[in-house]
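Shown next, in C-alpha cells, is the structure this report addresses.
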Amino acid sequence: MGGLLFGYDIGVMSSVMVMPHWIKFFNDPQSVGIGVIVSILTAGCFVGALAAGWLADKYSRKRTIMAGAVLFVIGSIIQCASANRGMLIAGRFINGLSVGFLSMVVPMFQSELAAPEVRGRLVSLQQWAITWGIMIAFWIDYGCGFISGNTSWRLPLGLQMVPAIILLGGMFFVPFSPRWLVNNDRIEEAQRVLARLRSNGDINAPEVIEELEEIKEAVRIEREAAEYGYIELIKYPIFRRVVLGVGIQIFQQLTGINVVMYFAPKIFEQAGLTGSHASTLAQGVNGVVNMLSTIPAILWVDRWGRRRTLIIGSIVCGGSYLIQAIIKGVTSHPTVNNGDVNLHMPTGPSYAIVVMVYIFVCGFAFSWGPIGWIYPSEIFPMHIRSKANSITTAANWLFNFVIGLVCPILLKKITWKLDIIFAIFMTVALICVYLFYPETKNRPLEEMEVVFTGSVWAFKDKKRIADYDISKKIESA
C-alpha cells in the first residue's frame, strides 16, 4: 500500500495537467509554473526522507509508516479542495513529506523482515506496487477526462487518500522489525516476530534461534565499535556504502523515468498524438507496460543478481533514448504555437517514438526501478541503516526535484536533444555499476560486511567473495 499510494501520487498529475478544466481553473500554468507544481512534491519528499531516518530509529519503522499515511490523507484532502494554486502546491508538499517517509522506510522495513533468499523479490514488490499506483492513476485520469467541470480533476486527486487509509489500518496488524526490536533490547518480542515470519510461530525452531543470535551478535559488535550519529556516514568504511547508495538512487532518477511519468502526455503530443484523450490513452498504456515489466524482477532478481540486471537495464534504457533522438532529429520540424512545441513528425516515426518510450519503460521497470530501492535497503549495518537510508533516499528526491523543475523547460528548449543527455547518463551508470557495485543477492544483512571490506573495484573483488562463500559452506558442512 505504501508503494501504491506513492505511485498513484506520481501518476495522477501527469494527465491531470493536460485536462482543460484544470488548465482553466489554475490560469493555464506555463513551463515554470508546471515545474513548480510537479517538483514541489519531490521537495517535500526530500525533507520527509531526511526526517524519516531519525523517526524510524526513535519510534520504529512501523510507526513512521503510519505517520506517513496520516500525512498523506491530509495532503490529499487539501489538493482535492484546492481553491487556488497555493493550496494545490501546499497539498502536494504535504503529500511529498509522506512519500519521503514511506519511500525511505518501507524498503528498509521489508528488507529487515525478509529472509535473505527472497529479500530482493519482496522489496521488488514495493516497486511493483508503485507501478500499480501509476497505472491506476493513469486510467482514472483517462476516465475522469470525460467528466465536465472541475470534478474531472478533483476526483482523481481526492482518490489519493484511499490507499493511505488502507495502509494506516493494515499497519496495526503488521509486526515491528525484529532488528529494530533487538536494537532496543526487546529480545523476546523479536524472537516471537521471527517465529511468526519463519516458522509458523515456533519460537524454538532452529532457524529462528540462529537468526536471532546473528542479529544479537551483529548489534553487540556494532554497539562496541560504532558511533550512532550521522558523522559516521562520512567515515571509512561506511562512507563507501553511502556513496554507492546515493549513487544508485541518483542514477535511478537520471534514467529520466519521472520525465516520462510526469510529462509523457506532453512528449506524445510533441511527437504527433494530438488531443488530450489520445495522449492520456497512450499514457494509460504506458502504465500497463510499466506494471507488467516489473514482474520479471519480482520473480528473478534474486537469481539474476543486482549487477547484471542493472547493466542490462542501462543498455535497454540508453539504447531507447539514442534511437528516439535519432528519429526525432532526422524526421522532426519543430514549431512553437502558444508556448507549446510541436515536432511535426510523420505518422510512422511518431508511432516509433511511442514504442521506444514503452521499451524504455520496460528496461527501467525490471532493473533500475526495483533495484534502486533494493540495494540501499540491504547494504548498511543495523545501527546506522535508517540514517544512511534517509540520506540515500533524500538524494533520490533531490535529483527528482531538479529534474521535475528543469525538464518542462528543456522539453521546449532543446526537445529531442534531451534524449541524448539521458543516453549519456545511462552510459555513465553502466560503467559505474560494472566498476564499483558489488553483488549482494542471497546474502544475510549481517554478512554485508564481507562484501564491502574488500577492494572498491567490484569487478576485481569477485574471487575473494567467492572464496569466502566456499569456506563458509565447508565450515557449515
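Between Leu88 and Ile78, every side-chain heavy-atom pair lies at or beyond the 4.5 Å cut-off. Residues Phe360 and Ile257 meet the side-chain proximity criterion, which asks for heavy atoms closer than 4.5 Å. For the pair Glu188/Leu181, no side-chain contact is recorded, criterion being any heavy-atom separation below 4.5 Å from C-beta on. Taking the side chain as every heavy atom from C-beta outward, Phe364 and Cys317 approach each other to under 4.5 Å. Leu430 is not listed as a side-chain neighbour of Met426, based on a closest heavy-atom distance of 4.5 Å or more. At least one side-chain heavy atom of Arg92 sits under 4.5 Å from a side-chain heavy atom of Met13. Between Leu398 and Thr42, the closest side-chain pair of non-hydrogen atoms is not below 4.5 Å.
Taking all atoms of both residues into account, the shortest heavy-atom contact from Thr294 to Thr131 is OG1-CG2, 3.3 Å. Closest approach of Ile203 to Gln191, counting heavy atoms only: O-NE2, 2.8 Å. Nearest heavy atoms, Phe380 versus Pro376: CD1-O, 3.3 Å. Nearest heavy-atom pair, Asn396 versus Gln249, reported as atom, atom and distance to 0.1 Å: ND2-OE1, 2.7 Å. The nearest pair of heavy atoms linking Gly245 to Thr392 is C-CG2, 3.5 Å. Annotation for Pro370 and Ala365: closest pair CD-O, 3.1 Å, computed over non-hydrogen atoms.
A donor and an acceptor atom, one from each side chain of Trp368 and Thr309, are nowhere located under 3.5 Å apart. A donor-acceptor contact closer than 3.5 angstrom links the side chains of Thr440 and Glu378.
Electrostatic pairing of Arg179 and Glu211 counts as a salt bridge here, judged by a charged N lying under 4.0 Å from a carboxylate O. Between Arg220 and Glu217, at least one side-chain nitrogen of the basic residue sits less than 4.0 Å from a carboxylate oxygen of the acidic one, meeting the salt-bridge criterion.
In this structure, Phe173 places its CZ atom where only 12 or fewer heavy-atom neighbours from other residues, nucleotides or ligands lie under 6.0 Å away. Heavy-atom neighbours of Asp185 CG from other residues, nucleotides or ligands within 6.0 Å: above the threshold of 12. Heavy atoms of other residues, nucleotides or ligands lying less than 6.0 angstrom from CZ of Arg240 number more than 12. Atom CZ of Arg85 has more than 12 neighbouring heavy atoms from other residues, nucleotides or ligands inside a 6.0 Å radius. Environment of CH2 in Trp304: crowded, with over 12 heavy atoms of neighbouring residues, nucleotides or ligands closer than 6.0 Å.
The ring of Phe436 has its center no closer than 6.0 angstrom to the ring center of Phe459. Between Trp54 and Tyr59, the ring center distance clears the sub-6.0 Å criterion. Annotation: Phe46 is not in aromatic contact with Phe401 [ring centroid separation under 6.0 Å not met].
Under the side-chain contact (heavy atoms from CB on, under 4.5 Å) test applied with Gln79, the options Val12, Asp9, Ile89, Ile94 reduce to a single match, Asp9. In summary, of the residues considered (Ser177, Ser386, Ser377), a side-chain hydrogen bond (donor to acceptor under 3.5 Å, both in side chains) with Glu112 occurs for Ser177 alone.
Note on ring orientation: taking the six-membered ring where Trp is involved, the planes of Trp373 and Trp397 are tilted (angle from 30° to 60°).
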